[in-house]
Amino acid sequence: PTSFFVYTSNVDGLFLKAGIPRDELLEIHGNASTLQCSKGVECTTSVWKAQPPIDLSSVESLPKCKACGKTCRPSVLMFNDEEWLGLEDEGTSDFDLYDTWEETMEKYLSSHKEDSLVIVEIGCGDRVEV
């Protein structure tokens, strides 16, 4: 792990577009450019990259699930969302990456008492529009 890690609730994917490496980023609510089956785990735990442009002119033109053929949805957490796959896909999860970074930082800071950890929180608020 490097000296920084981005933990974000934004789903716009801008940290990836800005060049933050995938292994230094946790998009806690998912990424809108990633698709999943609208049936959730009932179908598959796989997610895949959206292929723009996406034609939104009719239900028939919407992206289809690679496993069952049903309509896809963005793989982002909505309110009361029981179908979001989250980070259930195969391989090391983003949570594991964050945990590894955090453990490494704790070890480093315990042996480097003169150093500090800085947390920058940007754009947070307590008002949610539903």
Side-chain angles (χ1 to χ4, degrees):
T2 62
S3 60
F4 76 93
F5 196 92
V6 176
Y7 188 107
T8 182
S9 60
N10 293 350
V11 298
D12 54 18
L14 292 179
F15 285 104
L16 285 172
K17 290 176 185 171
I20 302 296
R22 174 94 242 144
D23 62 349
E24 295 173 355
L25 172 66
L26 172 56
E27 294 173 307
I28 192 68
H29 292 161
N31 185 311
S33 65
T34 304
L35 299 177
Q36 71 170 67
C37 182
S38 58
K39 293 168 61 177
V41 293
E42 183 182 322
C43 175
T44 180
T45 58
S46 295
V47 296
W48 52 92
K49 209 66 171 132
Q51 299 300 316
I54 295 176
D55 182 358
L56 303 175
S57 63
S58 68
V59 173
E60 294 77 25
S61 67
L62 294 174
K64 304 293 186 256
C65 173
K66 295 178 179 186
C68 73
K70 297 283 186 189
T71 303
C72 291
R73 59 167 268 192
S75 188
V76 298
L77 178 63
M78 308 291 185
F79 291 98
N80 301 315
D81 189 353
E82 295 180 12
E83 303 304 327
W84 182 55
L85 296 179
L87 301 169
E88 296 182 38
D89 54 333
E90 297 176 12
T92 304
S93 79
D94 293 349
F95 288 108
D96 291 340
L97 294 171
Y98 174 76
D99 289 343
T100 299
W101 176 85
E102 182 180 31
E103 290 168 11
T104 302
M105 290 306 297
E106 287 172 357
K107 287 177 188 174
Y108 175 84
L109 291 172
S110 69
S111 63
H112 295 83
K113 302 287 186 195
E114 69 283 356
D115 289 347
S116 300
L117 175 65
V118 176
I119 297 173
V120 179
E121 187 172 339
I122 303 171
C124 295
D126 59 3
R127 185 172 154 203
V128 176
E129 301 285 331
V130 181

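As the structure is a prediction and not an experimental result, all values here were calculated from the model.
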Worksheet item: After noting the C-alpha distance and the side-chain angles of K49 and S33, does the key distance pass the side-chain hydrogen bond (donor to acceptor under 3.5 Å, both in side chains) rule?
Response: CA-CA 6 Å; K49 209 66 171 132; S33 65; 3.1 Å; yes

Discussion item. Let's go through L117 and L109 carefully: what are the C-alpha distance in whole Å and the side-chain angles of both, what is the deciding distance for side-chain contact (heavy atoms from CB on, under 4.5 Å) to 0.1 Å, and is it a yes or a no?
Written reply: CA-CA 8 Å; L117 175 65; L109 291 172; 3.7 Å; yes

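Remark: the backbone N or O of T71 is paired with a side-chain donor or acceptor of S38 at under 3.5 angstrom. Not a single donor-acceptor pair under 3.5 Å links the side chain of T45 to the backbone N or O of V41. In terms of modelled atom types and a separation under 3.5 Å, the side chain of Q36 and the main chain of E83 share a donor-acceptor contact.
Here the closest non-hydrogen pair linking T44 and C65 is CG2-SG, 4.3 Å. Nearest heavy atoms, E60 versus K64: O-NZ, 3.1 Å. Across P63 and L35, no two heavy atoms sit closer than the pair CB-CD1, 3.7 Å. Looking at every heavy atom in both residues, V47 comes nearest to T34 through CB-CG2, 3.6 Å. Residue G13 comes nearest to N31 through the heavy atom pair CA-ND2, 3.5 Å, listed as atom of the first residue, atom of the second, then distance.
A donor-acceptor contact closer than 3.5 angstrom is absent between the side chains of K66 and S46.
Checked for salt-bridge contact, E27 and R22 meet the test: a charged N lies under 4.0 Å from a carboxylate O.
The distance from the NZ atom of K39 to the SG atom of C68 is 4.5 Å, given to the nearest 0.5 Å. Separating the OH atom in Y98 from the CG atom in L26 is a distance of 8.5 Å, to the nearest 0.5 Å.
For residues 11-55, no residue pair satisfies the ring pair (Phe, Tyr, Trp, His ring centres under 6.0 Å) rule, not counting sequence neighbours.
L16 is not connected to V76 by any chain of hydrophobic side-chain contacts under 4.5 Å among Ile, Leu, Val, Met, Phe, Trp and Tyr, and they are in different clusters. Both Y7 and M105 belong to a single network of hydrophobic side chains, linked directly or stepwise wherever heavy atoms of I, L, V, M, F, W or Y lie under 4.5 Å apart. No continuous path of hydrophobic side-chain contacts links L14 to V11 [ILVMFWY only; heavy atoms under 4.5 Å].
In the hydrophobic clustering (ILVMFWY side chains linked at under 4.5 Å, chained through shared members), I54 is joined by L56, L62.
E106 CD: more than 12 foreign heavy atoms inside a 6.0 Å radius.
Contact annotation: the side chain of F5 never approaches that of L25 to less than 4.5 Å [non-hydrogen atoms, C-beta and beyond].
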